[in-house]
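Both ligands and their constituent atoms are indexed starting at 1 by order of listing. On a predicted model such as this, the values are computed, not experimentally measured, just so you know.
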Amino acid sequence: MPPNIIDPPIQADPEFAAAKPAISHAIPDNVVEENDNLKIFQSSLSLIAHILIGVVTGISILFSLRNGLPIGATPLHIILCVIGYQLLMAQAIIILSSESGWSSRLKLVHKRRIHWIVQIVGSVLAIVGSFIKILDKNIHWNTYHGQFALVAMVFTAVSLVNGLTSLYAYELRKFLPSNLSKLSHICFGTVAFAASSISLCYGFDKSFFINWATLEFTYTIIAFTAAFTFIIIINPFITFYRKSRSIITS
Ligand code: HEM
């Protein structure tokens with residue numbers, strides 16, 4: 001550095017300096033609270049789940065469009081079912097349980113509203129996708145894929161009706177204990193989502209998918225589906241356990 005140039009002292013930002021109290025009790029950035037560790041863990045799991053959902057949905061759509069447009073009944077049922085169950089229904093569950101990600105700043109009332117809107121759209125797409133394939137077939141429920149899809153469909157339909165009773169739990173409390181309708185909604189929704197993921201795994205296990213994707217990649221994509229399904233259903237399980245325990249002990 002030339003001798004006539006002196007290093008200017010670092011000036012404090014006047015706005016920041018004015019806002020800062022004389023003695024700061026704030027926790028330094030390098031101190032990680034115990035609570036932060038849990039948040040970091042939850043955020044990481046949520047991020048991993050989102051990435052895996054994106055990969056599985058993307059691969060399913062890519063596979064369905066492999067022969068270009070127009071597409072037949074089978075590819076159409078795959079696109080609608082995967083978007084309905086694995087993309088939208090998963091997001092509808094995540095938004096209620098997640099303290100992290102894009103929805104973390106929303107109020108609970110707004111999260112609930114988004115939950116039921118996304119849930120209705122997802123369920124309609126999934127049920128339409130399922131019916132497209134049912135109408136395309138002559139013999140029904142003769143495969144594990146179809147049987148788990150049927151379980152997913154029935155529980156999705158029940159969960160939709162039951163979701164309404166949970167939404168109006170307070171108004172309907174004279175006819176239906178509000179906790180009962182909420183607990184059953186968590187239960188039906190989780191079973192529907194898990195069954196749809198099992199059905200999807202059996203769908204990936206079909207020879208025409210394996211021929212396109214190779215066996216190794218098929219197993220990878222099945223493992224991805226299992227992993228994000230597990231991550232997503234952890235929270236409803238915890239909520240179910242907490243709610244039922246509080247009912248039993250109260
Ligand atoms: C969450 C995703 C999926 C759902 C909910 C679903 C749902 C269904 C349903 C309801 C049926 C009719 C079952 C019957 O009437 O017996 C069906 C059949 C079929 N699906 Fe899917 N499907 C999904 C994903 C896939 C995928 C990813 C593939 C292939 C890559 C696939 C391939 C087939 C085939 C080939 C059939 C006819 C044979 C059978 O019933 O097993 N599906 N699916």
Side-chain angles (χ1 to χ4, degrees), residues 49-94 118-163 187-233 236:
H50 278 108
I51 293 170
L52 297 181
I53 291 170
V55 173
V56 170
T57 311
I59 294 296
S60 305
I61 294 174
L62 205 66
F63 169 71
S64 305
L65 295 176
R66 70 196 181 287
N67 294 327
L69 293 170
I71 55 172
T74 304
L76 187 59
H77 108 276
I78 296 173
I79 293 179
L80 292 178
C81 287
V82 172
I83 292 180
Y85 283 124
Q86 273 66 40
L87 190 66
L88 298 181
M89 202 182 265
Q91 293 300 330
I93 298 174
I94 290 175
V118 176
Q119 189 72 37
I120 289 174
V121 177
S123 303
V124 169
L125 290 185
I127 290 174
V128 170
S130 298
F131 268 99
I132 286 175
K133 192 61 208 174
I134 292 169
L135 295 175
D136 189 48
K137 276 188 77 182
N138 298 322
I139 303 166
H140 299 290
W141 326 123
N142 54 339
T143 61
Y144 284 133
H145 172 69
Q147 288 161 6
F148 277 103
L150 177 65
V151 173
M153 224 175 5
V154 170
F155 276 84
T156 300
V158 177
S159 173
L160 271 182
V161 178
N162 182 229
C187 201
F188 295 148
T190 310
V191 172
F193 180 67
S196 79
S197 285
I198 298 173
S199 168
L200 178 63
C201 291
Y202 278 114
F204 287 143
D205 199 32
K206 290 191 183 290
S207 54
F208 69 125
F209 184 83
I210 297 174
N211 287 341
W212 176 79
T214 74
L215 194 60
E216 293 77 11
F217 191 69
T218 302
Y219 286 155
T220 309
I221 217 80
I222 289 176
F224 282 6
T225 307
F228 76 68
T229 304
F230 179 72
I231 295 173
I232 288 169
I233 63 176

_For a distance under 2.8 Å, give residue and atom name for each protein N, O or S atom next to atom 21 (Fe) of ligand 1._
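The answer is H77 NE2, H145 NE2.
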
*Any side-chain heavy atom of F209 sitting closer than 4.5 Å to one from I59?*
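Result yes, sub-4.5 Å side-chain heavy-atom pair found.
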
_Numbering as shown, the atoms of ligand 1 that approach L200 to under 4.0 Å (heavy-atom distance)_ =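 Once the distances to L200 are compared, the set is 1 (C), 2 (C), 27 (C).
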
*Give yes if a backbone or side-chain nitrogen or oxygen of H140 is under 3.5 Å from a nitrogen or oxygen of ligand 1, and no if not.*
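The answer is yes, given that H140 and ligand 1 share an N or O pair closer than 3.5 Å.
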
*Sub-3.5 Å N/O-N/O distance, S196 and ligand 1*: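 Between S196 and ligand 1, no N or O pair is found under 3.5 Å apart.
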
*Considering residues at least two apart in sequence or located in another chain, which fulfil the side chain to side chain contact (heavy atoms under 4.5 Å, CB included) criterion with S159?*
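With neighbours one apart ignored, the set is H185, F188.
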
*Give the residue and atom name of whichever protein heavy atom lies nearest to atom 34 (C) of ligand 1, and the separation in Å to one decimal.*
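Answer for atom 34 (C) of ligand 1: K206 CE, 3.6 Å.
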
*For atom 16 (O) of ligand 1, closest protein heavy-atom neighbour*: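 Answer, as residue, atom name and distance: W141 N, 2.7 Å.
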
*Nearest non-hydrogen atom to atom 14 (C) of ligand 1 belongs to which of Q86, K137, M89?*
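Ranked by closest heavy atom to atom 14 (C) of ligand 1, first place is K137.
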
*Have a look at I134, I79, I221, L80 and point out the one with the heavy atom closest to atom 12 (C) of ligand 1.*
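It is I134 whose heavy atom sits nearest to atom 12 (C) of ligand 1.
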
*Is Y85 touching ligand 1 with its side chain, its backbone, both, or neither, if touching means heavy atoms under 4.0 Å apart?*
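Only the side chain of Y85 comes within reach of ligand 1.
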
*May I ask you to identify, for Y202, whether its side chain, its backbone, both or neither come under 4.0 Å of ligand 1 on a heavy-atom basis?*
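The answer is neither.
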
*Applying salt bridge (Lys or Arg N to Asp or Glu O under 4.0 Å), name anything that partners D205, two or more places apart in sequence or on another chain.*
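In terms of salt bridge (Lys or Arg N to Asp or Glu O under 4.0 Å), with neighbours along the sequence ignored, D205 is linked to no residue.
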
Which donor-acceptor pairs under 3.5 Å do side chains of residues 67-80 form with protein atoms, sequence neighbours excluded?
from: T74; atom 1: OG1; to: K133; atom 2: NZ; distance (Å): 2.7
from: H77; atom 1: ND1; to: T74; atom 2: O; distance (Å): 2.7

*CH2 of W212 to CZ of F217: how many Å apart, nearest 0.5 Å?*
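CZ of F217 is found 6.5 Å from CH2 of W212.
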
*Check if Y144 has a non-hydrogen atom at a distance under 4.0 Å from any atom of ligand 1.*
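The answer is no: ligand 1 sits nowhere under 4.0 Å from a heavy atom of Y144.
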
